[in-house]
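What follows is a short report on a single structure.
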Protein chains: 2
Amino acid sequence: MNLEIASRQLEALGNQTRLEIYRTLVRAGTGGRTVGQIQDHVGLPASTLSHHLKRLIDQRLVRQERSGTSLICHAEYPAMTALIGFLSDECCADQTLTYRTGDCRKEATDG
Amino acid sequence: MNLEIASRQLEALGNQTRLEIYRTLVRAGTGGRTVGQIQDHVGLPASTLSHHLKRLIDQRLVRQERSGTSLICHAEYPAMTALIGFLSDECCADQTLTYRTGDCRKEATDG
DNA sequence: ATCTTACTTCCATGAATTTAGAAATAGCCT
DNA sequence: AGGCTATTTCTAAATTCATGGAAGTAAGAT
(Lines give C-alpha, C1' and ligand atoms only; values in the text may rest on other atoms or scores of the structure.)
Protein backbone atom coordinates (compact mmCIF):
# COMPACT_ATOMS: atom_id res chain seq x y z
CA MET A 1 0.00 0.00 0.00
CA ASN A 2 1.26 3.43 -0.86
CA LEU A 3 -0.08 6.93 -1.22
CA GLU A 4 -0.94 6.58 -4.90
CA ILE A 5 -2.89 3.36 -4.54
CA ALA A 6 -4.60 4.63 -1.41
CA SER A 7 -5.67 7.87 -3.07
CA ARG A 8 -7.06 6.00 -6.08
CA GLN A 9 -9.03 3.66 -3.86
CA LEU A 10 -10.30 6.53 -1.76
CA GLU A 11 -11.41 8.28 -4.94
CA ALA A 12 -13.26 5.14 -6.04
CA LEU A 13 -15.07 5.05 -2.70
CA GLY A 14 -15.48 8.82 -2.59
CA ASN A 15 -18.80 8.88 -4.37
CA GLN A 16 -22.04 8.30 -2.57
CA THR A 17 -23.42 5.93 -5.20
CA ARG A 18 -20.27 3.84 -5.34
CA LEU A 19 -19.91 3.74 -1.58
CA GLU A 20 -23.47 2.48 -1.41
CA ILE A 21 -22.73 -0.16 -4.04
CA TYR A 22 -19.66 -1.20 -2.12
CA ARG A 23 -21.58 -1.38 1.15
CA THR A 24 -24.23 -3.51 -0.53
CA LEU A 25 -21.53 -5.96 -1.54
CA VAL A 26 -19.95 -6.02 1.90
CA ARG A 27 -23.33 -6.72 3.43
CA ALA A 28 -23.97 -9.42 0.87
CA GLY A 29 -21.08 -11.32 2.41
CA THR A 30 -18.93 -13.97 0.80
CA GLY A 31 -21.65 -15.04 -1.61
CA GLY A 32 -21.65 -11.66 -3.31
CA ARG A 33 -24.41 -10.26 -5.48
CA THR A 34 -25.11 -10.26 -9.17
CA VAL A 35 -25.07 -6.96 -11.03
CA GLY A 36 -28.82 -7.31 -11.43
CA GLN A 37 -29.33 -7.73 -7.70
CA ILE A 38 -27.24 -4.63 -7.05
CA GLN A 39 -29.29 -2.80 -9.63
CA ASP A 40 -32.53 -3.78 -7.87
CA HIS A 41 -30.99 -2.50 -4.67
CA VAL A 42 -29.60 0.84 -5.78
CA GLY A 43 -32.01 1.55 -8.64
CA LEU A 44 -29.72 2.83 -11.38
CA PRO A 45 -29.75 2.35 -15.15
CA ALA A 46 -27.64 -0.65 -16.11
CA SER A 47 -24.99 1.35 -17.94
CA THR A 48 -24.53 3.80 -15.08
CA LEU A 49 -24.17 0.98 -12.58
CA SER A 50 -21.74 -0.80 -14.85
CA HIS A 51 -19.52 2.27 -15.04
CA HIS A 52 -19.47 2.62 -11.28
CA LEU A 53 -18.67 -1.05 -10.84
CA LYS A 54 -15.82 -0.69 -13.29
CA ARG A 55 -14.30 2.07 -11.16
CA LEU A 56 -14.41 -0.18 -8.09
CA ILE A 57 -13.03 -3.14 -10.03
CA ASP A 58 -10.21 -1.06 -11.53
CA GLN A 59 -9.04 -0.26 -8.01
CA ARG A 60 -9.35 -3.90 -6.90
CA LEU A 61 -12.03 -3.10 -4.35
CA VAL A 62 -14.50 -5.37 -6.11
CA ARG A 63 -14.08 -8.58 -8.08
CA GLN A 64 -16.42 -10.12 -10.63
CA GLU A 65 -17.00 -13.76 -11.35
CA ARG A 66 -19.22 -15.14 -14.06
CA SER A 67 -22.02 -17.56 -13.33
CA GLY A 68 -23.98 -18.34 -16.46
CA THR A 69 -25.34 -15.15 -17.89
CA SER A 70 -24.90 -13.34 -14.59
CA LEU A 71 -21.84 -11.68 -13.13
CA ILE A 72 -21.43 -12.06 -9.40
CA CYS A 73 -19.67 -9.18 -7.65
CA HIS A 74 -17.66 -9.59 -4.48
CA ALA A 75 -16.21 -7.00 -2.12
CA GLU A 76 -12.46 -7.53 -1.88
CA TYR A 77 -11.99 -7.41 1.85
CA PRO A 78 -8.19 -7.54 1.86
CA ALA A 79 -8.03 -4.39 -0.25
CA MET A 80 -10.28 -2.55 2.18
CA THR A 81 -8.40 -3.74 5.24
CA ALA A 82 -5.14 -2.66 3.64
CA LEU A 83 -6.64 0.75 2.91
CA ILE A 84 -7.91 1.11 6.45
CA GLY A 85 -4.51 0.08 7.70
CA PHE A 86 -2.91 2.81 5.64
CA LEU A 87 -5.35 5.43 6.93
CA SER A 88 -4.92 4.24 10.48
CA ASP A 89 -1.20 4.65 10.20
CA GLU A 90 -1.78 8.21 9.00
CA CYS A 91 -4.43 9.13 11.50
CA CYS A 92 -2.71 7.50 14.43
CA ALA A 93 0.70 8.96 13.67
CA ASP A 94 0.40 11.67 16.30
CA GLN A 95 -1.70 9.63 18.68
CA THR A 96 0.66 6.69 18.97
CA LEU A 97 1.62 7.53 22.54
CA THR A 98 -1.98 7.85 23.64
CA TYR A 99 -3.54 4.98 21.75
CA ARG A 100 -0.66 2.66 21.20
CA THR A 101 -2.00 -0.21 23.27
CA GLY A 102 -5.48 -0.08 21.82
CA ASP A 103 -7.24 0.48 18.56
CA CYS A 104 -7.22 4.19 17.81
CA ARG A 105 -10.58 3.94 16.12
CA LYS A 106 -12.49 3.04 19.23
CA GLU A 107 -11.36 5.88 21.46
CA ALA A 108 -11.60 9.15 19.59
CA THR A 109 -14.59 8.58 17.35
CA ASP A 110 -16.87 10.75 19.42
CA GLY A 111 -15.09 14.03 19.25
CA MET B 1 -21.20 9.51 10.55
CA ASN B 2 -23.27 8.41 7.62
CA LEU B 3 -22.79 7.39 4.03
CA GLU B 4 -23.04 10.90 2.63
CA ILE B 5 -20.50 12.44 4.98
CA ALA B 6 -18.20 9.45 4.59
CA SER B 7 -18.31 9.63 0.81
CA ARG B 8 -17.58 13.35 0.83
CA GLN B 9 -14.61 12.89 3.13
CA LEU B 10 -13.34 9.99 1.06
CA GLU B 11 -13.63 12.16 -2.03
CA ALA B 12 -11.62 14.90 -0.32
CA LEU B 13 -8.88 12.39 0.53
CA GLY B 14 -9.20 10.65 -2.83
CA ASN B 15 -6.66 12.79 -4.60
CA GLN B 16 -2.97 12.13 -4.39
CA THR B 17 -2.04 15.75 -3.78
CA ARG B 18 -4.61 16.22 -1.04
CA LEU B 19 -3.79 12.93 0.62
CA GLU B 20 -0.18 14.02 0.69
CA ILE B 21 -1.16 17.38 2.18
CA TYR B 22 -3.23 15.61 4.78
CA ARG B 23 -0.40 13.21 5.61
CA THR B 24 1.96 16.14 6.00
CA LEU B 25 -0.41 17.61 8.56
CA VAL B 26 -0.82 14.35 10.44
CA ARG B 27 2.95 13.98 10.61
CA ALA B 28 3.29 17.56 11.76
CA GLY B 29 1.42 16.55 14.89
CA THR B 30 -0.56 18.74 17.25
CA GLY B 31 1.45 21.86 16.40
CA GLY B 32 0.27 21.77 12.81
CA ARG B 33 1.91 23.55 9.90
CA THR B 34 1.45 26.89 8.26
CA VAL B 35 0.21 27.00 4.68
CA GLY B 36 3.67 28.23 3.68
CA GLN B 37 5.34 25.27 5.32
CA ILE B 38 2.99 22.90 3.53
CA GLN B 39 3.76 24.70 0.30
CA ASP B 40 7.50 24.22 0.84
CA HIS B 41 6.81 20.58 1.45
CA VAL B 42 4.53 19.76 -1.47
CA GLY B 43 5.77 22.40 -3.92
CA LEU B 44 2.55 23.75 -5.41
CA PRO B 45 1.51 27.24 -6.49
CA ALA B 46 -0.18 29.03 -3.60
CA SER B 47 -3.59 29.18 -5.23
CA THR B 48 -3.61 25.49 -6.11
CA LEU B 49 -2.63 24.55 -2.57
CA SER B 50 -5.27 26.86 -1.17
CA HIS B 51 -7.95 25.19 -3.27
CA HIS B 52 -6.93 21.76 -2.05
CA LEU B 53 -6.84 22.93 1.55
CA LYS B 54 -10.31 24.34 1.15
CA ARG B 55 -11.62 20.94 0.08
CA LEU B 56 -10.15 19.33 3.18
CA ILE B 57 -11.45 22.10 5.41
CA ASP B 58 -14.95 21.92 3.89
CA GLN B 59 -15.12 18.26 4.92
CA ARG B 60 -13.78 19.01 8.41
CA LEU B 61 -10.67 16.95 7.88
CA VAL B 62 -8.45 19.99 8.43
CA ARG B 63 -8.85 23.08 10.60
CA GLN B 64 -7.14 26.44 10.21
CA GLU B 65 -6.12 28.82 12.93
CA ARG B 66 -4.61 32.24 12.43
CA SER B 67 -1.30 33.22 13.98
CA GLY B 68 -0.23 36.66 12.85
CA THR B 69 0.00 36.71 9.09
CA SER B 70 0.21 32.94 8.95
CA LEU B 71 -2.53 30.35 8.97
CA ILE B 72 -1.73 27.19 10.86
CA CYS B 73 -3.38 24.05 9.58
CA HIS B 74 -4.21 21.09 11.77
CA ALA B 75 -5.35 17.58 10.88
CA GLU B 76 -8.67 16.91 12.56
CA TYR B 77 -7.99 13.52 14.07
CA PRO B 78 -11.52 12.85 15.36
CA ALA B 79 -12.91 13.24 11.84
CA MET B 80 -10.43 10.71 10.51
CA THR B 81 -11.00 8.23 13.30
CA ALA B 82 -14.75 8.49 12.73
CA LEU B 83 -14.23 7.87 9.03
CA ILE B 84 -12.01 4.87 9.70
CA GLY B 85 -14.60 3.59 12.14
CA PHE B 86 -17.26 3.83 9.43
CA LEU B 87 -15.09 1.99 6.93
CA SER B 88 -14.17 -0.64 9.47
CA ASP B 89 -17.81 -1.30 10.15
CA GLU B 90 -18.29 -1.76 6.41
CA CYS B 91 -15.20 -3.82 5.74
CA CYS B 92 -15.55 -5.98 8.81
CA ALA B 93 -19.26 -6.65 8.34
CA ASP B 94 -18.71 -10.08 6.89
CA GLN B 95 -15.61 -10.86 8.88
CA THR B 96 -17.11 -10.24 12.29
CA LEU B 97 -17.11 -13.91 13.17
CA THR B 98 -13.52 -14.38 12.11
CA TYR B 99 -11.98 -11.18 13.36
CA ARG B 100 -14.25 -10.15 16.17
CA THR B 101 -11.71 -10.52 18.95
CA GLY B 102 -8.93 -8.73 17.16
CA ASP B 103 -8.36 -5.79 14.90
CA CYS B 104 -9.47 -6.76 11.41
CA ARG B 105 -6.75 -4.66 9.89
CA LYS B 106 -3.91 -6.74 11.23
CA GLU B 107 -5.07 -10.13 9.95
CA ALA B 108 -6.19 -9.81 6.39
CA THR B 109 -3.91 -7.10 5.04
CA ASP B 110 -1.62 -9.53 3.32
CA GLY B 111 -4.00 -11.33 1.05
C1' DA C 1 -0.33 55.51 5.75
C1' DT C 2 2.10 52.23 3.14
C1' DC C 3 5.02 48.13 2.78
C1' DT C 4 5.72 43.38 3.21
C1' DT C 5 4.37 38.77 4.18
C1' DA C 6 1.03 35.18 3.90
C1' DC C 7 -2.82 33.61 2.06
C1' DT C 8 -7.30 33.51 -0.29
C1' DT C 9 -10.63 34.42 -3.86
C1' DC C 10 -11.56 35.51 -8.78
C1' DC C 11 -11.32 33.96 -13.19
C1' DA C 12 -10.36 31.05 -16.99
C1' DT C 13 -9.27 26.65 -19.25
C1' DG C 14 -8.52 21.94 -20.16
C1' DA C 15 -9.38 17.42 -18.28
C1' DA C 16 -12.06 14.10 -15.93
C1' DT C 17 -16.50 12.51 -13.98
C1' DT C 18 -21.31 11.38 -14.00
C1' DT C 19 -25.12 10.07 -16.32
C1' DA C 20 -27.80 7.33 -19.44
C1' DG C 21 -29.78 5.73 -24.03
C1' DA C 22 -28.43 2.78 -27.77
C1' DA C 23 -25.76 -0.83 -29.61
C1' DA C 24 -22.87 -4.73 -28.79
C1' DT C 25 -21.40 -8.95 -26.34
C1' DA C 26 -21.55 -13.35 -23.48
C1' DG C 27 -23.80 -17.39 -22.23
C1' DC C 28 -27.67 -20.39 -22.06
C1' DC C 29 -31.82 -22.67 -24.09
C1' DT C 30 -34.59 -24.64 -27.86
C1' DA D 1 -29.42 -20.65 -36.08
C1' DG D 2 -32.41 -17.76 -33.39
C1' DG D 3 -34.00 -15.89 -29.23
C1' DC D 4 -33.69 -14.60 -24.41
C1' DT D 5 -31.29 -12.80 -20.27
C1' DA D 6 -27.66 -10.26 -18.20
C1' DT D 7 -24.35 -7.03 -18.58
C1' DT D 8 -20.88 -4.26 -20.90
C1' DT D 9 -19.13 -0.90 -24.19
C1' DC D 10 -20.07 3.07 -27.31
C1' DT D 11 -21.29 7.60 -27.57
C1' DA D 12 -22.46 11.99 -26.02
C1' DA D 13 -24.08 15.89 -22.99
C1' DA D 14 -23.84 18.16 -18.61
C1' DT D 15 -21.34 18.85 -14.66
C1' DT D 16 -17.55 19.03 -11.69
C1' DC D 17 -12.55 19.09 -10.81
C1' DA D 18 -7.71 20.58 -11.06
C1' DT D 19 -4.66 24.03 -12.10
C1' DG D 20 -2.55 28.44 -11.75
C1' DG D 21 -1.94 33.54 -12.84
C1' DA D 22 -3.76 37.84 -11.23
C1' DA D 23 -6.06 40.51 -8.03
C1' DG D 24 -7.73 40.99 -3.39
C1' DT D 25 -7.52 40.64 1.82
C1' DA D 26 -5.63 40.15 6.63
C1' DA D 27 -2.12 41.15 9.96
C1' DG D 28 2.00 42.99 11.50
C1' DA D 29 6.16 46.19 10.86
C1' DT D 30 8.08 50.85 9.90
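So you know, we letter chains A, B, ... as the sequences are listed, proteins then strands, and number each from 1.
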Under 4.0 angstrom, heavy atoms only, what part of the nucleic acid is Q37(A) near: base, sugar-phosphate, or nothing? nothing

Set of side chain to side chain contact (heavy atoms under 4.5 Å, CB included) partners for [X], sequence neighbours left out:
{"X": "S70(B)", "result": "T34(B)"}
{"X": "A75(A)", "result": "Y22(A), L25(A), V26(A), Y77(A)"}
{"X": "I5(A)", "result": "M1(A), N2(A), Q9(A)"}
{"X": "Q64(B)", "result": "V35(B), L53(B), I57(B), L71(B), C73(B)"}

Min and max contacting nt of DNA chain D in 5' to 3' order, chain B heavy atoms within under 4.0 angstrom, are dC17(D) to dG28(D)

Which pairs count as salt bridge (Lys or Arg N to Asp or Glu O under 4.0 Å) when at least one residue sits in residues 33-54 of chain A, sequence neighbours excluded? K54(A)-D58(A)

Sort and list the pairs that fulfil salt bridge (Lys or Arg N to Asp or Glu O under 4.0 Å) and have at least one residue in residues 64-84 of chain A, not counting sequence neighbours.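 Applying salt bridge (Lys or Arg N to Asp or Glu O under 4.0 Å) to every pair that reaches into residues 64-84 of chain A, excluding sequence neighbours, yields R63(A)-E76(A).
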
Is [X] reaching over with its side chain to a backbone N or O of [Y], donor-acceptor style, under 3.5 angstrom?
{"X": "Q39(A)", "Y": "L44(A)", "result": "yes"}
{"X": "T24(B)", "Y": "E20(B)", "result": "yes"}
{"X": "H52(B)", "Y": "I21(B)", "result": "no"}

Where A12(A) and L61(A) come nearest, the two heavy atoms and their spacing: CB-CD1, 3.9 Å

Which atom names give the shortest non-hydrogen contact between G31(A) and I72(A), and what distance separates them?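 Here G31(A) and I72(A) meet closest at O-CG2, 3.5 Å.
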
Starting at atom CD1 of I21(B), determine the distance to atom P of dC7(C), rounded to an integer number of angstrom.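 So the CD1-P distance, I21(B) to dC7(C), works out to 13 Å.
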
In Å, rounded to the nearest 0.5 Å, how long is the span from [atom1] of [X] to [atom2] of [Y]?
{"X": "H74(A)", "Y": "T30(A)", "atom1": "NE2", "atom2": "OG1", "answer": "9.0 Å"}
{"X": "R55(B)", "Y": "R18(B)", "atom1": "CZ", "atom2": "CZ", "answer": "4.5 Å"}
{"X": "T48(A)", "Y": "H51(A)", "atom1": "OG1", "atom2": "NE2", "answer": "7.0 Å"}
{"X": "R8(B)", "Y": "L19(A)", "atom1": "CZ", "atom2": "CG", "answer": "12.5 Å"}
{"X": "L87(B)", "Y": "L83(A)", "atom1": "CG", "atom2": "CG", "answer": "6.5 Å"}
{"X": "N15(A)", "Y": "S7(B)", "atom1": "CG", "atom2": "OG", "answer": "7.0 Å"}

Any N/O pairs under 3.5 Å between the protein and nucleotides 20-24 of chain C? List them or say none.
residue : atom : partner : partner atom : Å
dA20(C) : OP2  : T48(A)  : OG1          : 3.4
dA20(C) : N7   : S47(A)  : OG           : 3.2
dA20(C) : N6   : H51(A)  : NE2          : 2.9
dG21(C) : N7   : S47(A)  : OG           : 3.2
dG21(C) : O6   : S47(A)  : OG           : 3.2

Which parts of residues 56-63 of chain A get close to DNA chain C, meaning a heavy atom less than 4.0 angstrom away?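 The stretch gives none, as no residue of it lies under 4.0 Å from the strand.
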
Verify same cluster id: V42(A), L56(A) (apolar side-chain graph, 4.5 Å):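 Linked within one cluster.
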
Report for the helix from dA1(C)-dT30(D) to dT30(C)-dA1(D): angle between first-end and last-end helix axes, five pairs each, rounded to 10 degrees. 10°

Given that R55(A) and S67(A) both sit by DNA chain C, which one's nearest nucleotide is further toward the 5' end?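 The residue closer to the strand's 5' end, by nearest nucleotide, is R55(A).
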
By a strict heavy-atom criterion of less than 4.0 Å, which residues belonging to residues 7-18 of chain A are in contact with DNA chain D? none

Can you tabulate the close N/O pairs, meaning under 3.5 Å, that link protein atoms to atoms of nucleotides 1-6 of chain C?
residue : atom : partner : partner atom : Å
dA6(C)  : O4'  : T69(B)  : O            : 3.4

